[in-house]
Structures are given as C-alpha cells and as structure tokens.
Q: 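Here it is, the structure, as structure tokens.
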Number of protein chains: 2
Amino acid sequence: MVSKPRMEFPRPFTTVDVVIFSVIDEQLQVLLVQRPKGGEEPFPGRWALPGGFVNVALDADLEACARRKLREKTGVESPYLEQLGSWGGAARDPRGWSATHVYFALIAGAQLTLTKGANAADVAWFEVDALLAKPRMAFDHAEILLAAVERLRAKVEYTSLPAFLLPEPFTLPQLQRVYEIVLGRPVDKSGFRTRMLAAQFLEEAGAVEGDSRRPAMGYRLRDRDSAVVFPRTFSPRGSPLGGR
Amino acid sequence: MVSKPRMEFPRPFTTVDVVIFSVIDEQLQVLLVQRPKGGEEPFPGRWALPGGFVNVALDADLEACARRKLREKTGVESPYLEQLGSWGGAARDPRGWSATHVYFALIAGAQLTLTKGANAADVAWFEVDALLAKPRMAFDHAEILLAAVERLRAKVEYTSLPAFLLPEPFTLPQLQRVYEIVLGRPVDKSGFRTRMLAAQFLEEAGAVEGDSRRPAMGYRLRDRDSAVVFPRTFSPRGSPLGGR
DNA sequence: CAAATAGTGTCTTTCAGACAATATTGT
DNA sequence: ACAATATTGTCTGAAAGACACTATTTG
C-alpha cells in the first residue's frame with residue numbers, strides 16, 4: 001500500500017517558450033537568445049526562443065511561467081500574451097522526451113530600450129522573414145517560429161493585434177503602417193480608418209502629436225487585455241479566400 | 001563532471017486529454033470516461049475527458065499520444081484532430097504540478113457503435129449544453145470542455161468542420177442540419193448551399209440516397225485531413241460581429 | 001396527384017475597395 | 001502660400017441574407 005498511486009514512471013520534461021514579436025525599424029522582429037557555448041547544453045551557440053524549464057516552485061501555472069521568462073528577458077511586464085500551442089515528442093530535445101508550451105507576445109517597439117534590463121549580450125532581435133528564409137535555430141524552434149508568424153499574420157487580417165505593437169498613444173496612420181508591415185502589403189487608408197473606428201476598441205487620447213507634418217489624433221486601447229475581432233478580413237479585391 | 005547537465009530538478013507530469021465530439025440524436029455530444037472509484041486516484045467516480053499520462057516508451061509525440069487515447073476509447077482511427085491548447089499548473093491535480101496537452105476530435109455519429117471496442121461501461125456520451133450548465137467534471141475539465149465548445153462553435157461559423165461529424169457520403173441537407181445543431185440556430189438553405197459548393201471542398205459521391213422523401217446528391221470530402229476556411233462567417237442580419 | 005423535401009432564382013442591403021476631395025498644420 | 005499628410009466623402013461591385021419558386025421523388 002502506497003500513500004499515492006505509483007507515479008514513478010518516467011516523466012517528460014516540461015518547458016515554456018515565448019515568441020516575442022515587436023516592430024523595430026519598420027520590420028517585424030523576434031527576440032532570440034543565444035544558447036551557451038560551453039558545457040553540455042544542447043545546440044551550443046545556436047539562437048533559440050527565450051524559454052526554459054518550468055520551475056515547480058516559482059511558477060503557479062504555465063502562463064505565469066511565460067510571463068516570468070518574458071520579464072527576465074525584456075523587462076516588459078504586461079504585454080499581449082496568447083498561447084500558441086505545444087510541441088512535444090521524443091526527438092525534439094537530445095536530453096529526452098520533452099514538451100514545450102509556447103506563448104506568443106507582442107510588445108511595443110519603444111519598450112525595447114529596456115531590453116538590457118536583466119541579461120544582455122546573448123539576447124538580440126532578428127528580422128522575421130530573414131530568419132524564416134534561413135532557419136538555423138535550436139531545437140524545433142524554427143518550426144515553432146513559423147507557426148507563430150503564420151498565426152500572427154492570419155490574425156492581423158481580422159483583429160486589432162497590431163495595436164499592441166505600438167506605444168500609446170498612437171495615431172491611425174502609425175497603426176496603419178504597422179498593419180502594412182506585418183501583412184507585407186499596402187492597406188487602403190479610408191477603409192482602414194472606417195474599420196478601426198467602427199470596431200470601437202480605441203479611445204481618443206485627447207491631445208495630438210506629430211510624427212509628420214500635420215499632427216494627428218492620438219489613440220489608446222480601451223482594453224489592453226484582449227484584441228478585438230473584426231467581422232471580415234482585410235482582403236484586396238482579387239484574393240478569393242481571406243485565410244484565417 | 002557529469003555526462004549530462006543536471007536534470008534532477010522536479011518535473012511536472014505530462015498528460016494528454018482529448019475532447020471527442022460527435023452529433024448523436026440531433027445533439028452535440030462529448031465522450032467522457034468515469035474515473036475509478038476505489039484506490040488512491042483523484043476525483044473517484046467523476047466523469048473526465050479521456051486522456052492520461054504520456055507514455056515515453058509508446059508515444060512518439062503529443063499527437064500520437066492523443067491518437068492512441070482516442071483509439072483506445074473509441075476505436076476510431078482517423079478523426080479530425082486539432083490541438084486545442086494546454087493547461088498546466090500546481091493546483092489542477094492533487095498529485096502535483098501537472099500540464100495537460102488537449103486535443104479536440106470530431107467523429108462521425110455512425111462510428112459510435114464501435115465505441116465499446118476496447119473499454120465499455122465507464123465510457124459514455126453526454127450532451128454538451130447540459131454538461132456545461134452543471135459542470136461536475138474531474139480536474140479542470142469543465143473549463144477545458146468550455147474552451148473546446150467555444151472553439152468548435154466559433155470555427156463552425158467559418159469552416160467546414162461539421163462535415164467531419166457525418167459519415168460519408170452525406171447530403172447537403174444533412175450537413176446543413178449539423179451546422180444548425182452545433183450553432184443552435186437555423187441557417188438559410190440557399191445561402192448555405194451556395195457557400196458549401198463555392199468552397200470546393202466537396203466532391204459528388206456519384207449516387208444519391210434517401211433520408212427523406214426525395215433522394216439527394218451525396219457528397220464526400222475532397223480532403224479528410226483538414227477543414228476549409230470560408231471567407232466570411234455565417235451571420236444573421238443583425239449580429240454586429242461574427243465572433244471568431 | 002398530393003405531400004414532402006431537394007434544389008434554384010431573384011431581390012435587396014450591406015459593405016469593402018478604389019479613388020477623389022477637403023482640412024489642417026509646419027515651414 | 002506651399003508642401004505634406006490627416007481626414008472625410010463618393011461611387012461601384014460583390015456577396016450575403018431573405019424569401020419565393022421550381023423540380024423530383026414517394027406513396
């Protein structure tokens with residue numbers, strides 16, 4: 001008779017990784033961490049998504065763990081954070097059967113100056129499309145990054161996600177620019193404004209400020225905790241399916 | 001010097017659960033398993049999602065594990081299977097820090113007769129809305145079920161998912177009925193047909209058969225591995241947002 | 001031939017996309 | 001005033017929703 005049922009079978013190890021996106025220099029970028037070169041660590045010197053083992057003592061749940069990783073690497077406290085999915089199997093980590101829970105985060109470009117908060121040298125931003133073209137990442141992180149980018153681009157077609165990539169307050173032209181950067185194509189000005197304002201997720205940040213000649217109305221998110229879903233996708237005349 | 005880096009910290013345990021949906025008796029139902037009553041098992045006698053620990057020896061990866069659980073409980077080999085997300089934390093299982101990877105599956109109503117394939121008495125179908133109204137499930141499975149139902153209902157608005165809930169070949173009126181059952185509201189016949197046929201995911205299963213007075217064209221899925229995404233949601237005139 | 005359901009057609013409204021016009025500010 | 005960009009307006013076409021109509025089969 002045992003006090004607990006037999007729990008002595010081998011357990012996979014559990015990690016959490018975070019795909020942290022931001023728009024810097026007019027490009028969609030991802031934060032990566034370089035793996036230690038010496039020691040017995042797998043993929044020495046390779047770049048990887050920030051993440052690591054769940055700490056049973058520190059982390060109340062998976063999301064808390066993701067927030068901890070994010071805080072440690074960027075100093076950012078309250079980003080947009082969404083679960084992306086999980087990847088697990090015998091082959092993805094040479095140390096054994098592992099499963100990782102992946103989150104993706106959107107943070108504002110301005111906040112990156114804080115990046116050097118905790119660590120520093122081994123952290124860097126990478127332009128997403130360049131990374132995807134020549135994937136040399138640790139573990140199965142290239143696959144995970146691809147899934148994250150696809151999810152992001154898909155959701156940008158019909159949600160307000162890009163608003164989380166800008167520091168507040170932001171103007172509608174700035175927001176439009178972010179949409180165009182992430183989507184990789186121009187967006188009609190008039191339709192864009194109609195859509196954003198109709199969706200009711202913005203509130204005027206009173207004053208205006210200048211990013212160009214004429215100042216524009218500043219806006220702020222009504223709710224920083226969740227994105228808004230539009231009734232239809234952005235879709236240039238020709239494209240048959242929106243692609244969600 | 002150790003051959004491997006220190007991996008001796010406490011690991012959470014890893015499980016996989018599957019939310020198996022089907023339409024039976026004109027209702028959306030979900031398959032649950034009753035937890036053993038004796039022994040030291042948590043939640044004795046409660047109903048739970050089928051699932052359990054990842055078997056490092058048997059399961060190549062998470063999806064394989066999910067398919068194994070599904071096969072063991074239903075005998076179904078190739079359902080529609082999609083990852084739903086993961087839930088993990090210190091509090092969800094009395095035995096300790098645990099993380100579960102959840103999949104959701106759609107199987108055709110006719111296949112359920114095979115249900116008694118492997119196990120039997122401790123497995124049963126439950127009408128989804130009744131379950132959600134009075135959740136008495138083990139672990140955090142009520143929360144997980146809710147998430148699964150929300151995901152399903154949301155995707156039914158703009159994908160061909162309901163086709164996986166019918167045995168082939170099926171007719172368009174039958175398919176429409178499934179949409180109506182899952183969505184909980186009537187759908188216009190004309191628009192429905194236009195949409196389904198325009199989406200190109202069906203192929204005529206030659207002959208016809210009868211479910212009512214007049215026989216109808218039978219259809220089969222062109223691709224049983226993935227669902228099709230429609231450009232817009234079903235949306236009755238009034239509703240402002242589709243809700244994805 | 002009547003009942004019942006499969007399948008088609010038509011009208012209206014909505015709304016995204018395209019593009020043009022106007023407004024506002026710094027220099 | 002001019003340049004540059006913010007902001008608004010108009011037109012058009014595509015497609016969804018509503019609803020009526022036709023077709024086909026069984027009993």
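Throughout, a chain's letter reflects where its sequence line sits, starting with A, and its residues are numbered from 1.
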Q: Would you tabulate the pairs of protein nitrogen or oxygen atoms and nucleotide nitrogen or oxygen atoms of nucleotides 23-27 of chain C closer than 3.5 angstrom?
A:
{"from": "C/dA23", "atom 1": "N3", "to": "A/Arg214", "atom 2": "NH1", "distance (Å)": "2.6"}
{"from": "C/dT24", "atom 1": "O4'", "to": "A/Arg214", "atom 2": "NE", "distance (Å)": "3.4"}
{"from": "C/dT24", "atom 1": "O4'", "to": "A/Arg214", "atom 2": "NH1", "distance (Å)": "3.4"}
{"from": "C/dT24", "atom 1": "O4'", "to": "A/Arg214", "atom 2": "NH2", "distance (Å)": "3.4"}

Q: Which pair of heavy atoms, one from B/Gln176 and one from B/Asp188, lies closest together, and at what distance?
A: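 Heavy atoms of B/Gln176 and B/Asp188 come nearest at NE2-C, 4.0 Å.
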Q: In this structure, how many angstroms lie between the P atom of D/dG9 and the NZ atom of A/Lys189, rounded?
A: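 Interatomic distance, NZ of A/Lys189 to P of D/dG9: 14 Å.
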Q: At what distance, to the nearest 0.5 angstrom, does CD of A/Glu82 lie from CG of A/Leu161?
A: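 Rounded to the nearest 0.5 Å, the CD-CG separation comes out at 6.5 Å.
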Q: Can B/Tyr219 and B/Phe170 be said to form a ring pair (Phe, Tyr, Trp, His ring centres under 6.0 Å), step by step?
A: CA-CA 5 Å; B/Tyr219 291 91; B/Phe170 50 82; 7.2 Å; no
Q: Starting at CZ of A/Arg195 and ending at C1' of C/dC15, how long is that distance when rounded to a whole Å?
A: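 About 11 Å, once rounded to whole Å.
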Q: What integer distance in Å separates B/Leu183:CG from D/dG17:P?
A: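 These atoms are roughly 12 Å apart.
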Q: Rounded to the Å, how far apart are B/Asp188 CG and D/dC19 P?
A: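 The distance from CG of B/Asp188 to P of D/dC19 comes to 9 Å, rounded to the nearest Å.
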Q: Can you check the B/Leu202 CG to C/dG7 P distance for me, whole Å?
A: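 Going from CG in B/Leu202 over to P in C/dG7 covers 12 Å.
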Q: Round to the nearest Å and state the distance from B/Phe192 atom CZ to C/dT5 atom C1'.
A: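 Atom CZ in B/Phe192 sits about 16 Å away from atom C1' in C/dT5.
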Q: Any side-chain donor paired with an acceptor under 3.5 Å for B/His101 and A/Ser86?
A: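 B/His101 vs A/Ser86: donor-acceptor pair found between side chains.
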Q: When the distance from CE of A/Met196 to C1' of C/dA16 is rounded to whole Å, what number comes out?
A: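 From A/Met196 CE to C/dA16 C1': 13 Å.
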Q: Between A/Ile107, A/Leu106, A/Leu165, which is the residue that forms a side-chain contact (heavy atoms from CB on, under 4.5 Å) with A/Pro79?
A: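 Exactly one pass, corresponding to A/Ile107.
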Q: Give one of base, sugar-phosphate or nothing for A/Thr194, where a contact means two heavy atoms less than 4.0 Å apart.
A: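 Answer is nothing: A/Thr194 stays at 4.0 Å or more from every strand.
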Q: Angle between ring planes, A/Phe21 versus A/Phe104, binned at 30° and 60°: parallel, tilted or perpendicular?
A: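 If you compare the ring of A/Phe21 with that of A/Phe104, the planes turn out perpendicular.
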Q: Atom CG of A/Leu197 to atom P of D/dT8: distance rounded to whole Å?
A: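 Checked: the CG to P distance equals 8 Å.
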